[in-house]
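Take a look at the structure below.
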2 protein chains.
Amino acid sequence: METRKVKNAHHDTTQCYSRLNAIGDALYVLGGKWKLRIIMALSEGNLRFNELQRLVKGISPRVLSNELKELEINGFVKRHIHTEGTVLVEYELTEYSDTLGDVLYALSEWGMMHRENIRKQMRSEEVALAGE
Amino acid sequence: METRKVKNAHHDTTQCYSRLNAIGDALYVLGGKWKLRIIMALSEGNLRFNELQRLVKGISPRVLSNELKELEINGFVKRHIHTEGTVLVEYELTEYSDTLGDVLYALSEWGMMHRENIRKQMRSEEVALAGE
DNA sequence: CGGGATCCTAGATGATACTG
DNA sequence: CAGTATCATCTAGGATCCCG
């Protein structure tokens, strides 16, 4: 009930900048083509490297490797090494990835709303063009 | 109260995909280095092209022009042309940009939390290294 | 199997000059 | 003033091969 004042305090420049930076951080961590897809894949259970590569369609080993490293650094993923004769590596989501709940929810809600909106807009533009 | 079930229905694959796409849409629209900064700048009042360029530090006219076009297409910005002797162009946020409220709020909250978290993590890693 | 090393492309961004 | 045109750069991501 105090944080919600942000909307009204929108023109508090200092607040504005720190929020902008925070948003930048969030987008940095979640951005890119793969991170969310990897998280989604792992949300259905632990996976090994090649399993992940198969599940996350189209990703190359290099990119997958990089993304997993970043996800690990950012605390979303744990890497488990089982050495039973041959080496096995398993990736697992951390509880920390659950903190993304609100963000993902807000993003997906807005995204769906926006997609609808775009469709309508395109239709009305088509009509406008047809009318000329 | 029905939408909130998404978290529990996390393994509903269809739901999962449509949400993932929606999130992709949202990130696509908000992503990149400039869009949010431009929106922030415009939130303090309408601005003309060169004013914007001055306010959004470091952006080049070409990039600003492109970003504004995209923002306009996505319905965040209106472009007003006043022709009073010389041509004047003013950019204004639409009410639609207000629909971003929840998204920006969730992102900034999570971003701030995450930044704190990273700082702690880095400190503990330094300690670990110092201990070896 | 789990990646690392290399090379490559496309798109995003930047710098700067120019124009109606 | 409001951009556009042009050229340069930077980087995410992709393709492939290789190695322990």
Side-chain angles (χ1 to χ4, degrees), chain A residues 20-21 23-42 45-74 76-93, chain B residues 20-21 23-42 45-74 76-93:
Chain A
L20 194 48
N21 286 333
I23 289 171
D25 291 352
L27 286 181
Y28 182 76
V29 165
L30 299 176
K33 189 171 172 180
W34 301 110
K35 298 205 183 60
L36 285 172
R37 295 179 189 276
I38 293 171
I39 288 178
M40 300 298 260
L42 285 175
N46 299 3
L47 292 170
R48 302 216 302 283
F49 189 88
N50 284 334
E51 290 175 327
L52 257 176
Q53 201 190 337
R54 249 170 275 130
L55 230 65
V56 181
K57 284 294 205 182
I59 197 167
S60 74
R62 191 184 69 94
V63 173
L64 178 55
S65 173
N66 289 340
E67 301 288 300
L68 284 172
K69 275 174 197 162
E70 288 182 42
L71 287 174
E72 203 185 346
I73 287 173
N74 288 316
F76 294 124
V77 159
K78 266 200 284 284
R79 188 166 176 272
H80 296 290
I81 312 177
H82 310 282
T83 324
E84 300 141 6
T86 58
V87 178
L88 279 190
V89 182
E90 230 185 26
Y91 291 92
E92 178 187 20
L93 285 190
Chain B
L20 195 48
N21 287 333
I23 289 172
D25 291 352
L27 287 181
Y28 182 76
V29 165
L30 298 176
K33 190 171 172 182
W34 300 111
K35 298 204 181 63
L36 285 172
R37 295 177 190 276
I38 294 171
I39 289 179
M40 299 299 260
L42 284 174
N46 298 4
L47 293 170
R48 303 214 302 283
F49 189 88
N50 285 333
E51 292 176 325
L52 257 175
Q53 201 190 336
R54 251 170 274 127
L55 230 64
V56 181
K57 284 295 203 181
I59 196 168
S60 75
R62 192 182 70 91
V63 172
L64 178 56
S65 173
N66 290 339
E67 300 288 299
L68 283 171
K69 275 173 195 161
E70 288 182 43
L71 288 174
E72 203 185 348
I73 288 173
N74 289 316
F76 295 125
V77 158
K78 265 200 285 280
R79 189 166 175 271
H80 296 290
I81 311 178
H82 310 283
T83 324
E84 300 140 7
T86 58
V87 178
L88 279 190
V89 182
E90 229 183 26
Y91 291 93
E92 179 188 18
L93 285 190

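So you know, we letter chains A, B, ... as the sequences are listed, proteins then strands, and number each from 1.
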So how far is it from B/Leu55 CG to B/Asn50 CG, rounded to the nearest 0.5 Å?
-> 12.0 Å
Give A/Glu70 one of three labels, base, sugar-phosphate or nothing, depending on what nucleic acid heavy atoms sit under 4.0 Å from its own.
-> nothing
Could you grab the distance from atom CD of A/Glu72 to atom OH of A/Tyr91, nearest 0.5 Å is fine?
-> 7.0 Å
Reported CG-to-NZ distance for the pair B/Asn66 and B/Lys35, which is rounded to 0.5 angstrom | 9.5 Å
Distance col, row A/Glu90:CD vs A/Glu51:CD, nearest 0.5 angstrom, shows 8.0 Å
Distance in angstrom units between A/Lys57 NZ and D/dG14 C1', rounded | 16 Å
First and last nucleotide of DNA chain C in contact with chain B, 5' to 3', at under 4.0 Å to a heavy atom: what are they?
-> C/dT13 to C/dT16
Between D/dA2 (C1') and B/His82 (NE2): distance, integer Å | 13 Å
When the distance from CG of B/Leu52 to C1' of D/dA2 is rounded to whole Å, what number comes out?
-> 12 Å
Whole angstrom is fine here: how far is it from CG in A/Leu36 over to C1' in D/dA12?
-> 16 Å
Mind checking A/Ser65 for me? I need base, sugar-phosphate or nothing, with any heavy atom below 4.0 Å counting as a touch.
-> sugar-phosphate
From NZ (B/Lys78) to CG (B/Leu71), nearest 0.5 Å | 13.5 Å
Could you state the CD-P distance from A/Gln53 to D/dT16, rounded to the nearest angstrom?
-> 13 Å
Rounded to the Å, how far apart are B/His80 NE2 and D/dG3 P?
-> 13 Å
Give B/Val89 one of three labels, base, sugar-phosphate or nothing, depending on what nucleic acid heavy atoms sit under 4.0 Å from its own.
-> sugar-phosphate
NA contact type, A/Arg48, heavy-atom cut-off 4.0 Å: base, sugar-phosphate, or nothing?
-> sugar-phosphate
Looking at CG of A/Leu52 and CD of A/Glu67, how far apart are the two atoms once the value is rounded to the nearest 0.5 Å?
-> 11.5 Å
Atom CG of B/Asn66 and atom P of D/dA2 are separated, to the nearest Å, by 17 Å
Which sits closer to the 5' end of DNA chain D, B/Arg54 or B/Arg62, going by the nucleotide each is nearest to?
-> B/Arg54
Closest contact, heavy atoms only, B/Pro61 versus B/Gln53 | CD-NE2, 3.3 Å
Nearest-angstrom distance from the residue atom OH of A/Tyr28 to C1' of D/dT11 = 11 Å
Whichever of A/Arg79 and B/Ser60 has the more 5' nearest nucleotide on DNA chain C, that residue is A/Arg79
